[in-house]
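This report concerns only the one structure given below.
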2 protein chains.
Amino acid sequence: MNALLLIAHGSRRKQSNDEVIMLADKLKHNCSERYEIVHAGFLEIAEPLIPDGIKKCVDDGAESIIALPYFLNSGRHVIEDIPRIINSTLPLYPNVEIKIAPHIGASSLIMNLLVATANATE
Amino acid sequence: MNALLLIAHGSRRKQSNDEVIMLADKLKHNCSERYEIVHAGFLEIAEPLIPDGIKKCVDDGAESIIALPYFLNSGRHVIEDIPRIINSTLPLYPNVEIKIAPHIGASSLIMNLLVATANATE
């Protein structure tokens, strides 16, 4: 089974973390054909932390996990911290393929999103 | 003329701010039919700050400005700070219509972006 782990920074503001959890839930409903398992994981401050999010995916039966950084800018978190944390979990799950997606700010689709959001402004 | 002001938080890391400026440049090339003017503006730390970004748009001839928050989560910055700063500039430009778009994390298109980014992972 394929899993998607939505990785966000984590906020002291509970509502921001809840938004990420809700987004992961929505993702689960919207891409269940390709990703049977979807969880959220936080870099810091909020729970589940990334290693716990990976464990949840594995416990649910994931053979393949794509970790998707919900970050707009490249930076230390995206370049260093997330890969370091993910890599530290690899030895725990030798039979699970774990890959890191580009952060969403790097997507060429971000342009469409920006234009569509601007155009929809009332 | 219509203007788009891409609003980001601003980072101590120059490269993150440069990414926002480059994104605004790309936007200028990709939506020039609808928005003849595109600038970036930062909430704090980096320049131009939001009021200076608005002034740039007006100086370029903007009659209408859409301020587009490049933020994933709702929160104090999106809910309070950006509207407060934008509203404080309104009396300076009584003949310019200035509207605030939803932050991009609120867009229903964010789902497509997440799925496409995950699927493109090698």
Side-chain angles (χ1 to χ4, degrees), chain A residues 2-6 8-20 23-24 26-27 29-31 33-35 38 64-79 98-122, chain B residues 2-6 8-13 15-20 23-24 26-27 29-31 33-35 38 64-79 97-122:
Chain A
N2 299 314
L4 202 54
L5 181 68
L6 184 67
H9 185 282
S11 169
R12 262 171 284 271
R13 192 169 158 277
K14 184 176 179 296
Q15 193 186 330
S16 288
N17 302 326
D18 289 346
E19 282 177 13
V20 174
L23 185 57
K26 266 197 198 169
L27 267 172
H29 289 96
N30 279 274
C31 62
E33 286 181 19
R34 180 139 184 175
Y35 304 99
V38 180
S64 156
I65 302 173
I66 292 192
L68 179 57
Y70 190 55
F71 285 72
L72 287 176
N73 293 310
S74 74
R76 193 169 43 84
H77 293 325
V78 164
I79 306 292
I98 306 180
K99 291 181 177 177
I100 306 176
H103 65 291
I104 62 164
S107 169
S108 58
L109 293 174
I110 200 94
M111 192 67 53
N112 303 349
L113 179 66
L114 289 169
V115 175
T117 306
N119 290 351
T121 306
E122 286 168 5
Chain B
N2 299 315
L4 201 55
L5 180 68
L6 183 67
H9 185 280
S11 170
R12 263 171 284 271
R13 190 168 160 277
Q15 193 186 329
S16 288
N17 301 327
D18 289 346
E19 283 177 12
V20 173
L23 186 58
K26 265 197 198 171
L27 268 173
H29 288 96
N30 280 274
C31 62
E33 284 181 20
R34 180 139 183 173
Y35 304 99
V38 180
S64 156
I65 302 173
I66 292 192
L68 179 57
Y70 190 54
F71 285 72
L72 287 176
N73 293 311
S74 74
R76 193 168 44 84
H77 293 325
V78 164
I79 306 291
E97 183 183 57
I98 305 180
K99 290 182 178 176
I100 305 176
H103 65 292
I104 62 164
S107 169
S108 58
L109 293 174
I110 200 93
M111 194 65 55
N112 303 348
L113 179 66
L114 289 169
V115 175
T117 307
N119 291 351
T121 306
E122 290 170 2

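Every value quoted in this text rests on a predicted model; they were computed, and no experiment measured them. Chain naming here is simple, since letters A, B, ... match the order of the sequence lines and numbering starts at 1 in each.
Taken from CD1 in Ile110(A) to CD1 in Ile104(B), the straight-line distance is 4.0 Å, to the nearest 0.5 Å. Interatomic distance, Ile66(B) CD1 to Thr121(A) OG1, rounded to the nearest 0.5 Å: 4.5 Å. Separation of atoms CE (Met111(A)) and NE2 (His29(B)) is listed at 10.5 Å; rounding is to 0.5 Å.
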Assess whether side chain to side chain contact (heavy atoms under 4.5 Å, CB included) is satisfied between Thr117(A) and Leu68(B), documenting all intermediate values.
CA-CA 8 Å; Thr117(A) 306; Leu68(B) 179 57; 3.7 Å; yes
Start with the C-alpha distance between Leu23(A) and Leu114(B), add both sets of side-chain angles, then the distance that settles side chain to side chain contact (heavy atoms under 4.5 Å, CB included), and finish with yes or no.
CA-CA 10 Å; Leu23(A) 185 57; Leu114(B) 289 169; 3.7 Å; yes
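Of the possible polar contacts, one joining the Ser16(A) side chain to the Ser74(B) backbone as a donor-acceptor pair under 3.5 Å is found. The closest donor-acceptor contact from the side chain of Arg34(A) to the backbone of Val115(B) lies at 3.5 Å or more, if one exists at all.
Residues Phe71(A) and Leu72(B) form no side-chain contact, since every pair of their non-hydrogen atoms from C-beta on lies 4.5 Å or further apart. Side-chain contact between Val20(B) and Asn73(A) is present, with at least one heavy-atom pair separated by less than 4.5 Å.
Each of Leu4(A), Ile100(A), Leu109(A), Leu6(A) has some count of heavy-atom pairs under 4.5 Å with chain B, and the biggest count is that of Leu109(A). Most heavy-atom pairs under 4.5 Å with chain B, from the set Ser107(A), Gly75(A), Cys31(A), Ala8(A): that is Gly75(A). Of all the listed residues (Gln15(A), His103(A), Lys26(A), Arg76(A)), the one sharing the greatest number of non-hydrogen pairs under 4.5 Å with chain B is Lys26(A).
Shown here are the side-chain contact (heavy atoms from CB on, under 4.5 Å) partners of Asn2(B), two or more places apart in sequence or in another chain: Tyr35(B), Glu36(B), Ser64(B).
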